[in-house]
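So the structure is just underneath, and the comments pick up after that.
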Amino acid sequence: MNLPQIGDWADFEGLARLQRDRVPAVLAAAERSPFYRKRGVGPLEEQPLTTKQDLRDAYPFGMLAADRADLATYHESSGSTGDATASYYTEADWVDLAERFARKWTGITAADTMLVRTPYALMITGHLAHAAARRHGATVVPADNRSLATPYSRVVRLLHDLGVTLTWSLPTDALLWAAAARVAGYRDFPALRALFVGGEPVGPARKARIARVWGAPVVEEYGATETGSLAGECEHGTMHLWADRAIFEVQDPATGELSPQGRGRLVVTPLFREAMPLLRYAIEDEAEVSYRECPCGWHLPAVRILGRSAFAAGELTQLGLEDLVFGLPDDFGVWFWRARADGGRLRVEIEVADRWRTAAVHTLGAAVRAAYPAVETTVVPVPPGGLVPFRMLTAPAEVMKPRGLFGPGEDWDAALQYY
């Protein structure tokens, strides 16, 4: 399979031609899927949306368009919006997956040591970063964030002692490492040259704060277990959709109409997928897509990911609040927060040291009330450790192997409870 590379087209019209030329192969692959055979496959522009519920109803292999013997991996989503969905990939699919993830403006090279701190298990995210790093010769440190064997105390030791140059994690994790490093007394991570983040919406203020804390650029990634990487950030800070590897549309929430750009629910049709073709898959994320020239010269649509629509209450959004929190002066040291919206009331809690408590509460309260004047806002300070307990930052690794024979004084209740 010949996969397009950035630079294979000269402008947005060339990108559109590339997409049109690939559509017949996509439709032919869908015809091999039991789900699409039953539904019927016609012109892509007439195809109804494929939903997460469709994937759930087709569990486990109703979407399969390849021989089971050709599958390389099987995955399931996190289930954050309902029952998990199944996804599967062939070896050829994995070439496409890994190439898309590796499209980082910082590059991934054989000289890099990359710490992967997202789930391995059934979700694709850890495996994806691992495969991309290995294809480019990098050393991988598989520090799965769902394993009791790699608590935060161990992660910061690895970052420091191994001279880790690249990381892949949730944006929140990068701040938790910084807090754990501070507690452990680590001050210097000179080898770190970039932090790759994804898995949750992150606004410009939090990205900038993480970059300042670590002294390295933060490079955002967007995707899903069902699709792999869908967008990445260029050196000028713009998120670009990988529209040479998928067709993207936006569904207007009011009319249901689909268009190439605008604001609404993101819809994706992967162009190079053997095992599990998806036609007009509604990914359930709100996005804003635009076609404009970027100094990077990639000729790919720009996108702002606004998060799941279920997370927004009118104009009050998580990203909007986050930008206000991380817009506080760095000296205040506010890294961790939470908020609860209840009708017209909003309670925001921030973790802040006594020295800055009054100033932080006053500044953030004024900013939130200015941004959301119709919302009755209360800002509540909690002491350091109130939102992120110190024990979470300092806990040692758990023993991960079963034992049957114990000596005197040892806790043999853990014989079979080793996980």
Side-chain angles (χ1 to χ4, degrees), residues 169-179 195-222 231-240 263-264 266 285-290 292 294 302-342 344-353 356-382 387-388:
S169 72
L170 294 168
T172 297
D173 244 18
L175 288 172
L176 289 168
W177 303 338
L195 299 100
F196 302 154
V197 301
E200 61 174 323
V202 56
R206 183 157 63 131
K207 279 175 61 179
R209 178 70 64 85
I210 295 169
R212 290 195 297 271
V213 165
W214 286 102
V218 176
V219 183
E220 191 177 359
E221 168 91 8
Y222 169 69
E233 190 176 354
C234 75
E235 61 184 311
H236 297 279
T238 298
M239 280 277 284
H240 291 278
R263 179 170 177 165
L266 194 64
D285 278 330
E286 296 289 324
E288 191 172 71
V289 178
S290 61
R292 54 182 171 81
C294 180
V303 64
R304 289 179 61 233
I305 303 299
L306 306 174
R308 298 283 166 87
S309 56
F311 294 169
E315 292 302 311
L316 179 64
T317 67
Q318 177 172 315
L319 276 181
L321 281 174
E322 174 191 284
D323 270 351
L324 298 177
V325 171
F326 287 98
L328 291 171
D330 287 6
D331 287 347
F332 291 179
V334 176
W335 291 355
F336 306 115
W337 68 283
R338 66 184 180 186
R340 187 189 298 278
D342 185 2
R345 294 184 176 88
L346 178 70
R347 177 186 174 95
V348 184
E349 295 186 353
I350 56 173
E351 194 175 280
V352 61
W356 301 108
R357 178 175 296 184
T358 300
V361 168
H362 174 77
T363 305
L364 181 59
V368 175
R369 283 186 283 273
Y372 306 105
V375 179
E376 183 181 327
T377 300
T378 303
V379 178
V380 179
V382 299
L387 297 182
V388 178

> Any side-chain donor-acceptor pair under 3.5 Å between Thr377 and Arg347?
Replying inline: no
>> Is it true that Glu233 and Thr238 share a donor-acceptor pair across their side chains at a distance under 3.5 Å?
In response: no
> If you count the non-hydrogen atoms of other residues, nucleotides and ligands that lie under 6.0 Å from NE2 in His236, is the total more than 12?
Replying inline: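 Yes.
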>> How about CZ on Arg304, more than 12 heavy atoms from neighbouring residues, nucleotides or ligands closer than 6.0 Å, or not?
In response: no
Drop me the distance from [X]'s [atom1] to [Y]'s [atom2], to the nearest 0.5 angstrom.
X      : Y      : atom1 : atom2 : value
Ile210 : Leu195 : CD1   : CG    : 7.5 Å
Thr317 : Tyr372 : OG1   : OH    : 4.5 Å
Lys207 : Asp323 : NZ    : CG    : 11.0 Å
Leu324 : Arg369 : CG    : CZ    : 11.5 Å
Leu364 : Leu328 : CG    : CG    : 5.0 Å
Glu221 : Ser169 : CD    : OG    : 12.0 Å

Residue pair [X] / [Y]: nearest heavy atoms and the distance that separates them:
X      : Y      : answer
Arg206 : Pro201 : NH2-O, 3.0 Å
Gly203 : Glu322 : N-OE2, 2.5 Å
Leu306 : Leu319 : CA-CD1, 4.1 Å
Arg338 : Leu387 : NE-CD2, 3.6 Å
Arg209 : Val334 : NH1-O, 3.1 Å
Trp177 : Trp214 : CB-CZ2, 3.6 Å

Just wondering, do [Y] and [X] contact through their side chains at under 4.5 Å, heavy atoms?
X      : Y      : answer
Leu346 : Leu316 : yes
Phe332 : Thr363 : yes
His240 : Cys294 : yes
Val325 : Val368 : no
Glu286 : Ile305 : no

> side chain to side chain contact (heavy atoms under 4.5 Å, CB included) with Tyr222: which of Asp285, Val202, Val303?
Replying inline: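 The single option meeting the side chain to side chain contact (heavy atoms under 4.5 Å, CB included) with Tyr222 is Asp285.
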> Are Val197 and Asp173 close enough, and set up right, to give a side-chain contact (heavy atoms from CB on, under 4.5 Å), and what steps lead you there?
Replying inline: CA-CA 9 Å; Val197 301; Asp173 244 18; over 6 Å; no
Are the side chain of [X] and the backbone N or O of [Y] linked by a donor-acceptor pair below 3.5 Å?
X      : Y      : answer
Glu200 : Thr172 : yes
Arg340 : Arg345 : no
Trp337 : Val348 : no

> Run the side-chain contact (heavy atoms from CB on, under 4.5 Å) check on Phe336 and Leu176 step by step: do they pass?
Replying inline: CA-CA 9 Å; Phe336 306 115; Leu176 289 168; 3.7 Å; yes
